[in-house]
Each structure stands twice: as C-alpha cells, then as structure tokens.
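In the text below, chain A, chain B and the rest are named by the order of the sequence lines, each starting its count at 1.
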Amino acid sequence: MFIALIGVDHKTLEWTQKYLQEVHGFILLQVCCDSQKEKTANDTKYFNSTATMIDYATERWQNNFVTPSLDSSSSVDFDLFLRRPFTLLVAVETTLANMMQNMQSIGHKNGHSFTINQFADFYDTTYKARRDKISQAHINIFNPYTNEQDYISLLHSVNLLDEQRLRPNWDTYFMELADLASQRSNCMKRRVGAVLTQDKRIVSTGYNGTPKGLTNCTQGGCPRCNNGVEQGFAECLCLHAEENALLEAGRTRIGDSAVLYCNTCPCLGCAIKIVQTGIKEVVYNQAYRVDDKTAQLFENATVSCFFTNFFTLIFTIYPLLTHLNLKRPTNNLMKQPPSDKSTTDDDSTQSSDEHDNPDDPDNKDDDSEATLSESEMVGEKRKRRSGSGSRSGSGRIVEEGIIYNHDIRFISFSFNPSIELVGAATKLGLTVTSDLTSSDLIIYESCQVELTQLSHPDNSVCQHWITDSAAANTTLPICLYNLNTSYDPNAFEDPALDIQPDSTSKYACWRTHPLVSPNEELVDALRVLKQDRIARDEKWNALAYTRALSMVKSFPHRIRSKDDILLSVPASDDEEDAASAASTYKHPRTPTKPVKNIGDKKIKAKIEEWLNYGRVYEAEKIRGSDMHSIYHSLYSIQGIGPKKAFELSRSGVRSVDELVDNGKITQDDATLAQHLNNSISRDEVERIANYVMGHARSLLAHPSYAICGGFRRAKPMSNDIDIIITQHGASVAQLNHFLVALTDSLQSTGFLTKLMRQVSLCVASNRRKEDHDYQSTMLGVVESSRKFGTSEGEHPQYRRLDVIVAKPASFHLEILSWTGSVMYERDLRSYVRRHKLKLNASSVYNDTTDEELDLSLVRSERHLLRVLRLPWIAPQYRNCD
DNA sequence: AAAATT
DNA sequence: ATTTTGA
DNA sequence: AGAAAC
C-alpha cells in the first residue's frame with residue numbers, strides 16, 4: 001500500500017505521517033529538489049519525480065509507503081500517483097483554530113510573530129491549491145483535537161490499512177455503477193439509477209425518465225414531475241430506473257442469482273415488478289418514502305433487500321464518542337448517566353439565571369435591559385455557558401457552535417443509517433452511538449413513531465432532521481421533526497425555565513384565565529355590556545369592558561366584597577411571600593393597590609352593584625330587550641358586522657328571514673349562518689383536521705401541524721377548525737404551492753364548499769422594508785357529515801375551516817397567535833411592544849430598527865415565550881375573553 | 001373606559 | 001388635556 | 001383610498 005497525505009495543517013500531517021511510520025512501519029518516500037534533502041532525516045528516500053517514486057514503490061509492492069505533501073513546494077503528481085491500484089489518497093484537516101495555533105507556535109520558534117491576516121493569506125493560497133485533491137481523497141479525516149494522543153486513537157480506529165479501500169467489493173462496484181447510470185436520468189424529480197447483474201456480470205442498466213420517443217422529462221415532457229409539489233404517481237409519464245433495467249434485460253435473461261442494484265430504494269410499483277421477474281436480491285443505498293411498504297412486500301415474496309452499509313465515516317466518529325462520553329455535559333432535559341457525575345459540574349445554576357427576575361410587566365423603566373433579540377439571547381446563552389468555566393474542557397472537545405443550542409450531542413439510529421446520514425450527523429458535530437438509552441436523540445426511520453416504547457420520546461425525531469439540518473448548515477428546530485400525528489407544541493421544554501405568571505399584571509398574557517370563572521355571572525354581565533358598546537360603535541369603550549372582564553376572569557376565587565378587588569401588596573421583601581400573596585387573593589394585608597383595568601368610575605361601580613344586588617341593572621336591561629337578540633342573529637351572518645347589525649336592528653328589521661325576503665341576503669347566507677352558529681365537538685374537530693392532514697400528506701413529505709383556536713384552549717366545543725401546517729426545510733415557494741394544491745385537493749372532493757380567502761406567503765425581497773407579514777392562509781367553509789362525528793344527525797353540517805401554512809421558522813409563533821384568545825393576543829403584542837419588539841402572527845422584529853429576528857432556533861411555543869420574556873400560560877388558561 | 005403620555 | 005388602546 | 005369585516 002502506498003499512501004499519499006494531503007492537507008494544510010502541518011501538525012496534523014506530521015502526526016499522521018509519524019503514526020504510519022512508527023506504528024505501521026511505513027517507509028517515507030518524497031519527491032523534492034536537491035536543496036531540501038539535507039534538512040530531513042536520513043531514513044527518507046528521495047526522488048526527482050513522481051514517476052520514479054512510484055516505480056520504486058511498485059517494485060517493492062509488499063512494503064507500505066507514505067509520501068507527505070508538507071508544503072507547497074512538494075511536487076507529487078497526484079494524477080500519476082492515483083493511476084496505480086495500490087495507492088490511497090488520505091486528506092487530513094483540522095479546525096481553523098488549531099491551524100492558527102500551530103502556525104503561531106512555529107512562528108514563535110523562528111522568532112517572528114504572526115498576524116491573523118498573514119494566516120488568512122496562507123490559508124487561502126494553500127487551501128485553494130489543494131482543494132481539488134482534498135475532495136478527491138479516498139478518506140477524509142478531520143482532526144478536532146489539539147492533543148496528539150487523541151488524534152492517534154482516532155487514526156487508529158479509521159484503520160487506514162484496510163485493503164478494501166484499494167479495491168471496491170462487488171456491492172460497492174455495482175452500486176457506483178448504478179450511481180453513474182443515475183447521472184443519465186432525465187426525470188425532474190430525482191436521479192435514480194439501477195444495475196441488474198447475474199453472477200457478478202452486468203445484464204442491463206437503467207435510469208429514470210420518460211419513454212423513448214417522448215419529450216424528455218427534463219424538457220417538460222412529464223407534467224407531473226414539472227409541477228413543484230409532490231403529486232400522485234398516476235399522472236407520471238416517467239419510467240423508473242428499475243423498470244428500465246428490467247425491461248432492457250427481458251424476462252428470459254433474469255436468472256436465479258440475479259441481483260438488482262438501485263441507488264434508491266425501489267418504490268412499491270417497482271417492487272411488485274421485481275418480485276414477478278424472479279429477482280431474489282435487491283441492494284440499495286438511499287432510503288425513499290415508501291421503504292416500509294417495499295420492505296414488507298419483499299419480505300412476503302422472500303426477496304432479500306439490503307441497505308448497503310459503507311464503513312468510512314462510522315470510524316471517524318467512534319473515537320469522538322468514546323472521548324466525549326467522559327465529559328458529556330449535564331443536561332436538564334436528559335437523564336444523567338451515572339458516569340457523568342464526577343466529571344461535570346452541576347448545571348442547575350444555569351436554570352436560575354435563565355429567568356432571573358422576570359421583569360415586572362407593569363414596570364416600564366427597565367426597557368433597555370429587557371429588550372433582547374433572539375440572536376442576542378442565543379449568543380448570551382453561549383457566552384454564559386462557556387464563560388462560566390463550569391464544564392471541564394467542554395470547549396475543547398467539540399467546536400462550540402450550532403449544536404450547543406440544542407444540547408444534543410449523542411444521537412442514535414433505530415435503523416441502519418446510510419452514509420449520508422452519518423455524514424450529515426458528523427457535519428453537525430453530533431456523535432453517533434448505538435446505545436439508545438444514553439443518546440440525547442433517537443432518529444427513527446419512519447415518521448410514524450411509536451412513542452410509548454421510548455424512555456425520552458421528546459427527543460426523538462425523524463431522520464430528515466439531520467439531512468435537512470446538514471443541508472441548511474444549522475440545526476433546524478427539532479420540534480418540527482418531532483413528528484407523530486399529535487404534535488404537541490406545549491411539550492419539549494423544561495417547565496423549570498418558564499417565567500412565572502403574575503396575576504396582578506395588567507397584561508392578560510401574564511395572567512391565567514381558566515375556562516370557567518368562579519365569577520361567571522359577573523363576567524357574563526360585563527360581556528353583555530361589552531357587546532352593547534360594540535353595537536353602539538363605541539369600540540374603545542368596549543375594549544375597556546373586555547379588559548375589565550378579562551381581569552375578573554383571572555380571579556381564581558369568587559369575589560365576595562369590594563375589598564377583594566383590591567390586591568394585597570407584600571408586606572415584606574420576602575420573595576416567596578410576595579409570590580404567594582400575589583397569586584392567592586387573600587383578604588388584603590396593608591398596603592393595597594387597585595386592580596388594573598378596573599377604573600374607579602364606571603366598571604368598579606358595576607361590580608359593586610353586582611356585589612350588593614346580585615345583578616347589573618344595565619346588563620339585565622340589554623339582555624331583556626328584543627333588539628339584543630335580533631342584533632345577535634343578524635351579527636352571525638357573513639358580511640354583517642356589529643355596525644350593520646345594529647343599524648338593521650334599529651331600523652326595525654325583526655328577523656333574518658325578513659332580510660331574505662327583501663333580497664338583502666340570500667337564503668344560502670342565512671342557512672350558512674345557522675350552520676356556523678352550531679358549535680363543534682372536539683371529536684369532530686380532530687376528525688376534520690385528520691381529513692385535511694390526509695390531503696396535506698399526499699402533497700408534502702412530512703408535514704407538521706397543530707390544531708389551534710378554541711380547541712387548543714381546551715374548550716369542549718369550538719366555533720371553527722384552525723390548523724397550522726408547516727414542512728421543515730420547505731421554501732416559501734413550495735409552501736405557497738402547497739396551499740394552492742391543498743385548496744384544490746379539498747375542493748375537488750367536494751369537502752371544501754366555499755373559499756372565503758386565500759393569501760400566499762410573501763417573498764421578503766419583493767416587499768417594502770416595513771412589511772413583515774408572511775402569512776399564508778386559506779379560510780373556507782367545509783361540509784362535515786356523520787363520518788366526522790357531527791351530532792346534528794344525517795344532514796351535512798357546514799363548518800368554518802382555517803388552514804394556515806407557516807414558514808418553518810415561524811411555526812411556533814403562528815401557533816401562539818392562532819391559539820388566542822383575542823385578549824391574550826392583544827396584550828401579548830402590547831407587552832412586547834413596550835419592550836421595543838413588534839410582533840405579528842408570522843414574525844418578530846425590532847420596533848425601532850425594523851430588523852426581523854431570526855426565529856429558526858425557536859424550538860417550541862414555550863421557548864418562544866421565554867425569548868419574549870413572557871410566562872408560558874398553558875392554553876387552557878388563556879381563555880381571557 | 002382606562003391608562004399612558006404630553 | 002391629549003393620546004393610545006393588536007394585527 | 002378608506003371603511004368594514006374577519
């Protein structure tokens with residue numbers, strides 16, 4: 001074996017060379033000019049050219065040789081070198097920090113200092129010169145260590161002497177040929193290649209594309225594939241690579257020992273054909289969406305199906321794993337393995353400074369400190385952690401970076417991972433382990449995860465997370481990949497990190513509002529007054545009533561005296577005492593302060609009236625009036641808001657039917673309004689959402705979704721169905737296309753009967769700077785029937801359906817926004833605005849600089865609220881209206 | 001109608 | 001006394 | 001363009 005080393009970092013190259021010489025007895029050969037010979041040691045052989053060096057090695061092929069390329073003057077002709085069958089090109093690289101340090105230490109020895117600019121110059125020229133060859137290497141070894149011993153153990157596990165690398169085995173050989181065939185693919189969707197062999201001889205090859213004589217798929221020949229979103233196979237005109245290979249071979253040339261190599265797992269249709277032709281062995285190296293079904297079919301037909309498992313990258317990970325295991329940081333999300341305790345400091349301090357002193361929501365003087373952008377927060381967290389020095393040497397092990405934010409280091413696969421996957425994992429700085437119990441994250445092949453079997457299901461995601469994250473070169477929000485059918489946006493985060501709610505705050509988003517208040521009669525009276533003010537077009541007056549009723553709703557106890565609506569203020573500075581005093585409305589200790597949002601003049605008087613007489617006169621009067629009920633029936637019609645409803649009811653309109661007779665509205669509008677007045681059971685909401693998601697899944701590979709609105713706030717009955725859908729890694733264009741396709745799909749089955757509004761996501765660059773709205777929604781009416789569990793009997797029921805397609809990064813913000821309630825949302829925005837942030841359903845941006853914050857690292861609704869410095873109130877306690 | 005700001 | 005109150 | 005409705 002003859003190894004040529006290539007790289008940029010002197011030390012890593014030197015260590016590798018030394019290792020080969022000393023541990024494996026490699027002989028050092030070098031091409032160089034005469035002047036350099038004197039400097040080096042005398043057990044080195046020198047040659048004037050690559051050709052003479054190779055000839056020398058060829059004659060002594062039983063020996064192992066190594067040639068370094070330590071500096072740019074080294075003139076090994078790699079093309080010539082690689083022509084020989086016993087040669088191996090090994091690239092070694094290290095971190096920039098290591099390289100810089102190594103260069104500085106060399107500079108020190110020679111007595112001159114070294115600037116970062118000089119380093120950059122050196123790196124640029126040297127790396128560029130060698131870049132091509134580095135990418136051609138048989139093995140790429142990345143050295144993350146500064147310590148020679150660690151690196152040697154890594155090298156050792158790579159097993160450089162493995163003869164397999166010099167000559168591929170049959171499987172690798174045919175698989176690479178299949179890859180080559182895939183290059184001829186003319187299908188817009190995917191490059192697939194296949195090689196059919198019989199007794200290690202190629203019978204035929206195939207790639208996918210449109211049939212002979214038709215326009216190539218790449219020229220627009222197949223309408224289905226040229227359509228952005230995934231759609232049914234039925235309309236596809238492309239032949240699959242496997243089909244082509246089988247057709248080319250013909251039934252008679254396929255014998256008993258035929259093996260089909262495909263670079264992608266065959267689809268179900270191909271699998272059927274494969275079984276029928278009598279092929280008994282299939283080898284593939286990339287997973288596809290239908291793997292499970294195909295595997296099942298092959299199993300039933302006794303066809304063996306192999307997932308080729310190449311060896312290279314696994315090796316470079318193993319030593320990292322063993323090394324890290326000892327120094328793994330503690331993590332409050334994870335169970336702590338026993339061996340860790342001695343080597344890591346307690347991490348609990350971190351949780352306390354995470355929510356240090358949730359700023360008093362009513363205190364406005366600490367703006368400067370409270371305004372914290374997401375990027376700042378992440379940066380601060382990182383600094384805090386590494387700067388605290390609490391973790392012994394953790395900074396040295398893995399480059400601190402992206403993965404740090406998620407506290408995930410150890411992952412394991414519940415299946416045999418492909419090279420790409422393992423490679424992707426390493427690119428992210430992750431360590432692959434086979435031990436499911438000690439891994440931070442378990443990757444499942446299928447997205448249909450059986451969560452019950454897992455010890456920590458919250459940290460399991462589907463494999464796409466890794467590949468997508470690697471493609472994006474950052475860790476994508478894990479929650480989006482945490483898929484199963486009932487994605488729970490509440491979960492995942494540690495409740496200990498939550499900011500605590502404050503029931504004395506004037507902001508509804510700081511208080512908890514139960515579904516049903518102990519003061520429900522009072523709340524009801526205030527609601528009537530609010531409705532009345534809306535009808536009178538006294539919008540802001542109505543808002544004041546909404547605020548007051550929301551304040552009353554957050555009282556956990558029944559209000560018995562007017563002292564109850566004064567809050568006790570802590571007598572001492574004792575914090576625990578303060579918290580308990582604030583959260584329970586005990587009879588006040590002095591001093592007291594008035595409840596927010598309930599003014600001295602009007603609303604307080606109403607409440608006192610209720611306390612004294614058990615009713616609010618004005619509310620009773622409004623409730624009793626005819627106009628009130630007519631107003632409500634008119635108000636429920638599409639196109640009639642508070643203003644028109646009030647106008648009409650005042651002008652003597654007695655019923656909805658009257659309007660129909662007058663021709664002011666159609667009969668359809670009237671019946672629709674009646675249908676929409678009926679509330680929907682939770683069961684039905686879920687079934688309708690499932691139905692919609694069934695359509696969504698035929699258009700998107702791995703959609704994540706959440707049902708929001710009243711349903712999420714745990715209301716027993718909902719007014720409509722709100723579904724937020726996203727797809728990790730999807731672009732705005734894809735999501736727009738998806739929404740249109742979903743609408744078409746729902747319309748074509750007759751389920752969606754009326755489309756009220758369809759808005760597409762905006763592309764940022766085309767918009768004015770101040771426009772931060774990226775909402776993509778479909779508001780419509782669907783026809784629900786008994787199969788969805790309507791309680792209204794045989795007749796179909798019309799239901800309002802809102803589908804919101806969110807950008808992956810703003811998924812949790814959309815969930816927060818579409819969960820409500822109205823008062824909660826209003827105060828949420830109001831509160832963050834005090835803290836110089838502006839918030840809408842799809843983005844957060846700085847109110848003054850207008851710069852949008854990057855939310856792609858936000859991993860749950862809880863996390864988002866923490867970033868906004870707000871408490872996370874469980875959805876069932878957000879019923880503020 | 002209430003609270004913040006001028 | 002005037003302005004703000006969600007998007 | 002602005003109001004109303006959602």
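For A:R682 and A:F711, the positive end sits near the middle of the six-membered ring, less than 6.0 Å away and at most 45° from its axis. Under the 6.0 Å distance and 45° angle rule, A:R834 does not count as a cation-pi partner of A:Y831.
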Verdict with supporting geometry, A:Y877 and A:Y824, ring pair (Phe, Tyr, Trp, His ring centres under 6.0 Å):
CA-CA 10 Å; A:Y877 294 114; A:Y824 183 91; over 10 Å; no
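The list of salt bridge (Lys or Arg N to Asp or Glu O under 4.0 Å) pairs with a residue in residues 541-554 of chain A, not counting sequence neighbours, reads A:R547-A:D827.
With C:dA7, C:dG6, B:dA1 as the candidates, the nucleotide lying closest to the side chain of A:K838 is C:dA7. The side chain of A:R834 lies closest to B:dA4, out of B:dA4, B:dA2, C:dA7. Of all nucleotides listed (B:dA4, C:dA7, B:dA1), B:dA1 comes nearest to the side chain of A:K602. Listed nucleotides C:dT5, B:dA2, B:dA1 differ in distance to A:K601; the shortest reach to its side chain belongs to B:dA2.
Here B:dA3 presents its P atom at 13 Å from OH of A:Y545, a figure rounded to the nearest Å. Between the CD atom of A:E825 and the P atom of C:dT5 there is a distance of 17 Å, given to the nearest Å. The CD1 atom of A:I607 sits 13 Å away from the P atom of B:dA1 (whole-angstrom rounding). The distance from atom CG of A:D827 to atom C1' of C:dT4 is 13 Å, rounded to the nearest whole Å. For A:K604 and B:dA2, the NZ to P distance is 10 Å, given to the nearest whole Å. One atom, CG of A:D532, and another, C1' of B:dA1, lie 14 Å apart when rounded to the nearest Å. Nucleotide C:dG6 holds its P atom 12 Å from the CG atom of A:L828, rounded to whole Å. The separation between A:Y824 atom OH and C:dA7 atom P is 16 Å, rounded to whole Å.
Among the protein residues, A:L839 comes within range of the sugar-phosphate backbone only, with heavy atoms under 4.0 Å from sugar or phosphate atoms but none that close to a base. Residue A:L779 is classed as having no contact, given no heavy-atom separation below 4.0 Å to the nucleic acid. Backbone-only engagement by A:Q638 is indicated by non-hydrogen atom pairs under 4.0 Å involving sugar-phosphate atoms exclusively. Among the protein residues, A:K644 comes within range of the sugar-phosphate backbone only, with heavy atoms under 4.0 Å from sugar or phosphate atoms but none that close to a base. In this structure, A:R833 reaches the sugar-phosphate backbone alone: every heavy-atom distance under 4.0 Å involves primed, P, OP1 or OP2 atoms, never a base.
D:dA5 and C:dG6 are spaced 16 Å apart, taking the C1' atom of each and rounding to whole Å. For the P atoms, the distance from B:dA1 to C:dA7 is 24 Å, rounded to whole Å.
Screening A:K838, A:R829, A:K836, A:R833 for a salt bridge (Lys or Arg N to Asp or Glu O under 4.0 Å) with A:D847, the sole residue that qualifies is A:R833.
Ring-centre distance between A:F811 and A:Y705: not below the 6.0 Å cut-off.
Remark: A:K606 NZ is packed, more than 12 non-hydrogen atoms of other residues, nucleotides or ligands lying under 6.0 Å away.
At least one side-chain nitrogen or oxygen of A:R826 sits closer than 4.0 Å to the OP1 or OP2 atom of C:dG6.
Taking a cutoff of 4.0 Å between a charged side-chain nitrogen and a carboxylate oxygen, A:R866 and A:E861 do not qualify as a salt bridge.
Close approach of DNA chain D to chain A, defined as any atom under 4.0 Å from a non-hydrogen atom of the protein, starts and stops at D:dA4 to D:dC6.
Using a 5.5 Å limit on the distance between ring centres and a 30° limit on the angle between planes, the aromatic ring of A:W540 counts as stacked on the six-membered base ring of C:dT5.
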